[in-house]
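Chain letters run A, B, ... following the sequence lines, proteins first, then strands; residues in each count from 1. All of these numbers come straight from a predicted model, not from anything done at the bench.
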Number of protein chains: 2
Amino acid sequence: MNATIDRSLVSALPLFSRMSDAELDDILSMAVSRRYAVGTSVFEQGQAADQFFVLLYGRLRVTQVTPEGQQIIIRMVNPGDLFGIAKALQRNDYPGTSMAVAESVALAWPMTCWDEILERHPSLTINAMQTMGGRLQEAHTRLRELSTEEVERRVAHTVLRLANQSGKKEAGGVRIDFPVSKQDIAEMTGTTLHTVSRILTAWESAGLVEGGRRKLLLKDPHRLLLLGDGHVPGLL
Amino acid sequence: MNATIDRSLVSALPLFSRMSDAELDDILSMAVSRRYAVGTSVFEQGQAADQFFVLLYGRLRVTQVTPEGQQIIIRMVNPGDLFGIAKALQRNDYPGTSMAVAESVALAWPMTCWDEILERHPSLTINAMQTMGGRLQEAHTRLRELSTEEVERRVAHTVLRLANQSGKKEAGGVRIDFPVSKQDIAEMTGTTLHTVSRILTAWESAGLVEGGRRKLLLKDPHRLLLLGDGHVPGLL
DNA sequence: TTCGGTCTTTGAGCGGGCGCAAGGTTCCGG
DNA sequence: CCGGAACCTTGCGCCCGCTCAAAGACCGAA
């Protein structure tokens, strides 16, 4: 566990692009890898932010709970993603909870290394900034959707976004390759599981998707795109 | 106009903190300053992103228009803010339009300088990252609000956020010190101007605020806070 | 001062989607 | 194989907040 992480695990990640082997080793020497079983949390909302992470395998769900107890899903963390970078948000605690929805492995660094690493590795700093830029854009997109679109269209966009980030081509469509409940979709979309259920049922009748207990297969992403007709990039 | 910008104009800005005079001069030598009259745009959605900016004086409103023609306000730009950093979002065009709602002055750099400046001035890179972090947090806050709160509460939060960012203490309350229409508030809150008007009228009757044509005075921010009782930081 | 444009107020009506509730289905541990 | 937990479906009624509509208030320009 304390042995230095092998470079090959991360060298292909965009986050570490344009880095020499020596630089990579320097960074990896400060990390440890951890395994997270389904349902266990990597960190929890409000907890002191003493580590930051990169996800190697698996899938995480990042949630926030409002003072009134309502939960929303901020985003899904996919392999290769940097997460838990509270320092970059100028915070000392984690603003949300991240929990494994699939068996996951992540690299963890002490948060005290953050400044040091940024200072020593400018190219990583720039990559990290790009990461944040991408996230900011996604947040703006969701804001626009929540402000202007009706529920059905928002669900369409949400589902298509999931497919773009974590979709797996399969006979007959694109499968969201981790367990998603209707409740999850509701919390990503700003609605209730009831409404999501009704909408998906309708789509299923129309042959657009195929649902199931925590399962989702998009049989016709193209027609969904028309439904949520603003444009979600990718997927054609 | 082409003379190098005086250091004193920016040296106090958090964005340029921890920078030597020589570094500052290096950066400023690449900038030009521009004036924007009320109602004129600094850049427009979709336009090639060839410059990035720092606002010195005034106030800007950043909007996005959906394919269906609906407009939303992404954020207000306050003096000292970095904006138009499309490069950091991995974009070649501006994702929104920024327009002066008050007489404004900004410094402008060619976007081609972006990488060079980041590379030469790590402390600025880190500051820029913090900027983005703050914006990301605000976006998440708004997402949470839009997903879970009712309109009246959202309006309260929006108005309090404005007050924190651009409020000016005044006899009898805190004034939003630039022109805001009900339409603006609606576009920041994800509702219609009608609803905003009704809500503000009710608040006025209750002695919470004092409105007017594109004017807004918060007479009792504390009670508004109770209304939007999740916590907006600051202001006490 | 008048005129046109922009911003605001207020009313009336209706409909999307939420709350509530009950029942069904799938999964897993014992 | 059984029982309980988690997840999903569906019906019904209601209300928040939107749409539509019309008129009033304020502002700057000529």
Identify the two heavy atoms, one from B/Q70 and one from A/T148, that lie closest to each other, and give their separation to 0.1 Å. NE2-O, 3.4 Å
Can a side chain N or O of B/T191 be found less than 4.0 Å away from OP1 or OP2 on D/dC18? yes
Between A/R154 and B/V196, the residue closer to the 5' end of DNA chain C by nearest nucleotide is B/V196
Rounding to an integer number of Å, can you tell me how far B/I199 CD1 sits from D/dC16 C1'? 11 Å
Could you tell me whether the side chains of A/Q165 and A/E138 share a donor-acceptor contact shorter than 3.5 Å? yes
With 3.5 Å as the limit, what N/O pairs link the protein to nucleotides 20-30 of chain D?
residue	atom	partner	partner atom	Å
D/dA21	N6	B/H194	ND1	3.3

Classify the ring geometry between B/Y94 and B/F53 as parallel (under 30°), tilted (30 to 60°) or perpendicular (over 60°). tilted
Under 3.5 Å, is there a donor on one side chain and an acceptor on the other for B/E149 and B/H157? yes
At what angle, to 10 degrees, do the two end axes of the helix from C/dT1-D/dA30 to C/dG30-D/dC1 meet, given five pairs define each axis? 50°
Distance, rounded to the nearest Å, where A/E150 contributes CD and D/dC18 contributes C1': 10 Å
Can B/E44 and B/S41 be counted as having a side-chain donor-acceptor contact under 3.5 angstrom? yes
Closest non-hydrogen contact found for B/L217 with B/G173 is CD1-C, 3.9 Å
Give the minimum heavy-atom separation between A/P95 and B/Q137, together with the two atoms involved. CB-OE1, 4.5 Å
What is the nucleic acid contact for B/G211, judged by heavy atoms within less than 4.0 Å: base, sugar-phosphate only, or nothing? nothing
So, are B/E68 and A/R153 salt-bridged, with charged N and O less than 4.0 Å apart? yes
What parts of residues 177-184 of chain A reach DNA chain C, counting only heavy atoms under 4.0 Å away? none
All salt bridge (charged side-chain N to carboxylate O under 4.0 Å, His left out) counterparts of A/D6, not counting sequence neighbours: none
According to salt bridge (charged side-chain N to carboxylate O under 4.0 Å, His left out), does anything in residues 73-92 of chain A pair up with another residue at least two apart or in another chain? List the pairs. A/R75-A/D81, A/K87-A/D115, A/R91-A/D93
Contact boundaries of DNA chain C with chain B (under 4.0 Å, heavy atoms), 5' to 3'? C/dG5 to C/dA12
Does CG in B/N78 sit with more than 12 non-hydrogen atoms of other residues, nucleotides or ligands closer than 6.0 Å? yes
Does B/R154 pair with B/E145 as a salt bridge, N-O distance under 4.0 Å? no
Shortest non-hydrogen contact between B/L224 and B/A156, atoms and distance: O-CB, 4.2 Å
